[in-house]
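Letters go in sequence order (proteins before strands), and every chain restarts at 1. All figures in this text were calculated on a predicted structure; none of them were measured in a lab.
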Amino acid sequence: MNNYFSIADIDNVEDWVDQAIALKKEPLQDKKLGEDKTIGLLFFNPSLRTRLSTQKAALNLGMNVMVMNFTGEGWSLEYGDGTIMDQGNSEHVKEAAQVVSQYCDILAIRVFAHLKDKEEDYSEKVLKSFMEYATIPVVNMESATGHPLQALTDAITITEHKKKEKPKVVLSWAPHPKALPQAVANSFVEMMQRMDAHFVITHPKGYELASQITKEVPIDYNQENAFKDADFIYVKNWSAYQDYGKVLSTDADWKITEDKMKLTNQAKFMHCLPVRRNVVVDDAVIESEDAIVIQQANNRTYAAQLVLKKILKGLKGS
Amino acid sequence: MNNYFSIADIDNVEDWVDQAIALKKEPLQDKKLGEDKTIGLLFFNPSLRTRLSTQKAALNLGMNVMVMNFTGEGWSLEYGDGTIMDQGNSEHVKEAAQVVSQYCDILAIRVFAHLKDKEEDYSEKVLKSFMEYATIPVVNMESATGHPLQALTDAITITEHKKKEKPKVVLSWAPHPKALPQAVANSFVEMMQRMDAHFVITHPKGYELASQITKEVPIDYNQENAFKDADFIYVKNWSAYQDYGKVLSTDADWKITEDKMKLTNQAKFMHCLPVRRNVVVDDAVIESEDAIVIQQANNRTYAAQLVLKKILKGLKGS
Amino acid sequence: MNNYFSIADIDNVEDWVDQAIALKKEPLQDKKLGEDKTIGLLFFNPSLRTRLSTQKAALNLGMNVMVMNFTGEGWSLEYGDGTIMDQGNSEHVKEAAQVVSQYCDILAIRVFAHLKDKEEDYSEKVLKSFMEYATIPVVNMESATGHPLQALTDAITITEHKKKEKPKVVLSWAPHPKALPQAVANSFVEMMQRMDAHFVITHPKGYELASQITKEVPIDYNQENAFKDADFIYVKNWSAYQDYGKVLSTDADWKITEDKMKLTNQAKFMHCLPVRRNVVVDDAVIESEDAIVIQQANNRTYAAQLVLKKILKGLKGS
């Protein structure tokens, strides 16, 4: 494997999940694989889980880690072709990506959507530019439109906790005071279409995700109806895709409550975190025995470790 | 040992000091102990000495280190129970602490007093919340009310430099333009009550530290009188405890001068640093042969290393 | 070797270049040399190449690396003698330098010119203060007036690419919207005077570098004339030295174009990066086969590694 840009880079979800679960049992089994290899983690946005779990994954593989916060420690980059760079941007991604490639064996990048311009965000300008100009593999640590390390984590976590072959999985929108990207929801929707699950999305009208991602997935605008018999409730806020980047509703009726969870088949509650308690989900739900958000967070390490392991094996073979 | 929250976590000061001095002679003696163990350093405030010395201590023990500046690289946390999180805080400490525990074996945290609300600062809300929700040991790298790694450092340094069994140790307040926390002074006062020393505190009226900490320690409002026959002068500014967080005086008469040092028994001059020269202490004093501030700074490594070593041994045994 | 402050610390340029090229062939040959040694990287300014390449160099030598962004993670330092520190600066460099020396074996520092006060910048107050008070070797990662790791890199790169014994090397000023330091240009000029080259500087009138640095190097105010028969075109913007720190011209006629490059002996195009495309240099030039800016960036690792190796050998011998 070369880049890990989206879950399209996963050849076989079931195999990957099995391999990640095997890694989790013996996380140091490949500690020689990454020896004298260096990963550069570039952050254009804040990060807690991704920052620490990706570092931990690399350490488990014996790699060196160099972390760089591009904003603050670096400067802003130019992405346009032919731009006369007499404004704020000091360096072109063409140079930056090639240069970083001189010092690292793998590059991992976090860069969020700006939620101003749909075309620009969905073109994945930044991450695709790095992939184009870097001469080393690039890993997506959440880009404008996707968070494939989170989606792989979620696949692992659902597989670990499912009680039936084909569980019912519900992705539910929930309210949030700020405009958030669609990245986590998008990658989760893509992943669910590749797993053996009854998958339903529920959200208020106007919050439809991009149709090229949701495809045939059923949407139920009635949250309570969607929750019926669910085995997994995966919760996430996102801002509107059509009316791009807008907060159309902060309707507290969409908050996840104990009463709603009672409509399910004692569903597991999932969320990628960070989560705003009592806005997105009630304390009683996230503190219940059926909440598996911490187990999800733990699996972030093994999702990242599997991806890095596969990339490292590619390097070794080269 | 599990957490290192305050010097109450030291079972026997004399033993610990002896062990730290032994570590200092051979700092790499336990390099296998921390192998494949990871410490996460979380900074909610700036840090130089603590940042580098704690990293160095962990490296001496063979550990991996992950540093995170919570402000800037992360987001602000919520600590209240039942809060409807629709304001500035993006994540609850209940999740943050548990999540970080998935990636690290030990967590070390720096979080200063805000000096706005005495109750809140002295409740040690942040550090106690992390200790409550983290599932791994937590080390205090200076909290709202205490700096126990500094106090252990000071005990080591006094032991190394004392010329008599029971030296006279004076904690002297000194002027400073800004309002500073009481943390260093508090932990030093607690430590001196556990060492064999004639201990006196001197400061202007109104600067009394919390009585639950100073207990029976004599306070002399006359600095020159307090300095007489002293073997160690430990200097620190702090803001008022009663009139909480206020700068009641910047009286230059309380600055540490050569003349005042002449009143002592050729006392060693100590300060935790950073120190404002010619405000807190005259150049002539801090540059004299009796100043041992750099030796103190050096001992920060061995204080941290001893604490981490004891915690690692607890992990190994578990 | 102790400090690497300027290229005056290089005893024999030719030997050093040969040694760096040998390191590049087998970068891990000295991995035992840095074992249990720690380098502290202190950044007072942003950095991409220097940050990552110096880390990579240290890792290749088996060293531990501790990175500290002094602004943001730390506080501002005082450099004056006898200052009454009642203003913004919290710590004197006398303490800071000695303290950091307790935790590290080598210290590397980046601190740019402020371009306000020529005397102050050219006194190299910050770096020289660290060198004076630190008790460990100090490496210049770009100071107010010099960037000797870059100059060593450039010597390596020119040696690798030259087709004749004594190539013609041209340092050309180019326009830039912001006032930039003279550091890179200064060190390059110093280096060229120590290599076997026909060296010419070209820039608009008023942009003369300090004469104590340029000495007898010919200056040609006609860029096209200077480019004739050149084997290497080294491009860099700098602000004025005489009218200190001023941008006297942003004349686009000084931009590096394909047409100008055609005047040369198929010269290699060099730039230390970051570079503003189509302001400093046209896309067509930097994307041509004769541009060796990425090779330069790569050589940063081996320049830094050679310097660190020489310092480590000094430590070992002590």
Side-chain angles (χ1 to χ4, degrees), chain A residues 34-44 46 55 58-59 62-109 129-130 132-136, chain C residues 24 27-28 31 41 43 45-60 62-65 67-69 71-73 110 153 175-178 180 250 252 255 271-284 286-287 291 293-302 304:
Chain A
E35 212 173 38
D36 299 324
K37 300 293 181 193
T38 299
I39 186 167
L41 307 185
L42 300 193
F43 290 96
F44 290 84
Q55 280 189 69
L59 292 170
M63 299 186 81
N64 301 317
V65 180
M66 302 198 294
V67 180
M68 178 159 177
N69 297 304
F70 228 83
T71 331
E73 295 179 359
W75 38 73
S76 52
L77 297 182
E78 174 64 38
Y79 298 93
D81 261 325
T83 311
I84 297 171
M85 290 172 58
D86 56 3
Q87 300 299 313
N89 298 334
S90 306
E91 181 153 27
H92 202 285
V93 68
K94 291 180 187 183
E95 274 73 56
Q98 287 183 80
V99 164
V100 174
S101 302
Q102 306 305 309
Y103 312 132
C104 302
D105 300 285
I106 303 177
L107 191 56
I109 299 175
S129 296
F130 269 98
E132 182 173 354
Y133 299 112
T135 56
I136 56 174
Chain C
K24 187 176 178 177
L28 300 174
K31 229 195 131 181
L41 308 185
F43 291 96
N45 300 97
S47 172
L48 167 61
R49 268 153 291 277
T50 298
R51 182 185 296 276
L52 298 183
S53 65
T54 312
Q55 279 188 69
K56 183 63 180 296
L59 292 170
N60 282 348
M63 300 186 78
N64 300 317
V65 180
V67 179
M68 179 161 177
N69 298 304
T71 331
E73 296 179 359
R110 159 160 288 197
T153 299
H176 194 283
K178 288 169 61 183
L180 297 188
T250 54
K255 187 179 59 171
H271 191 288
C272 64
L273 306 183
V275 67
R276 285 168 177 258
R277 284 172 167 243
N278 304 311
V279 174
V280 169
V281 57
D282 273 347
D283 283 336
I286 198 168
E287 290 176 5
V293 295
I294 303 302
Q295 293 89 324
Q296 269 180 282
N298 184 30
N299 283 334
R300 292 293 308 272
T301 300
Y302 308 105

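Here C/Val275 is the residue among C/Val67, C/Asn60, C/Thr301, C/Val275 with the most heavy-atom pairs under 4.5 Å with chain A. If you tally non-hydrogen atom pairs under 4.5 Å between each of C/Lys178, C/Gln296, C/Arg277, C/Lys56 and chain A, the highest count goes to C/Arg277. Counting heavy-atom pairs closer than 4.5 Å to chain A, the top-ranked of the candidates C/Ala57, C/Pro177, C/Ser53 is C/Ser53.
With a 4.5 angstrom heavy-atom cutoff, A/Thr83 touches chain C only via backbone atoms. Contacts between C/Leu28 and chain A at a heavy-atom distance below 4.5 Å involve the side chain alone, from C-beta outward. For C/Asp283, the part lying near chain A is the side chain, with the backbone staying farther off; criterion is any non-hydrogen pair under 4.5 Å. Using a 4.5 Å cut-off between heavy atoms, C/Leu59 touches chain A through its side chain atoms alone. When heavy atoms are compared at a cutoff of 4.5 Å, A/Gln87 approaches chain C solely by way of its backbone atoms N, CA, C and O.
A donor-acceptor pair is defined here as one N or O able to donate and one able to accept, closer than 3.5 Å; no such pair exists between the side chain of C/Asn278 and the backbone of A/Met85.
Ion pairing between C/Lys255 and C/Asp282 holds under the 4.0 Å rule for side-chain N and carboxylate O. A salt bridge links A/Asp36 with C/Lys31: at least one charged nitrogen is closer than 4.0 Å to a carboxylate oxygen.
When all heavy atoms of C/His271 and C/Val293 are compared, the pair lying nearest together is N-CG1, 3.5 Å.
Using a 30° and 60° split on the angle between ring planes, A/His92 and A/Tyr133 fall in the perpendicular class, above 60°.
Between C/Arg110 and the options C/Asn69, C/Asn45, C/Thr50, C/Thr54, a side chain to side chain donor-acceptor pair (under 3.5 Å) holds for only C/Thr50.
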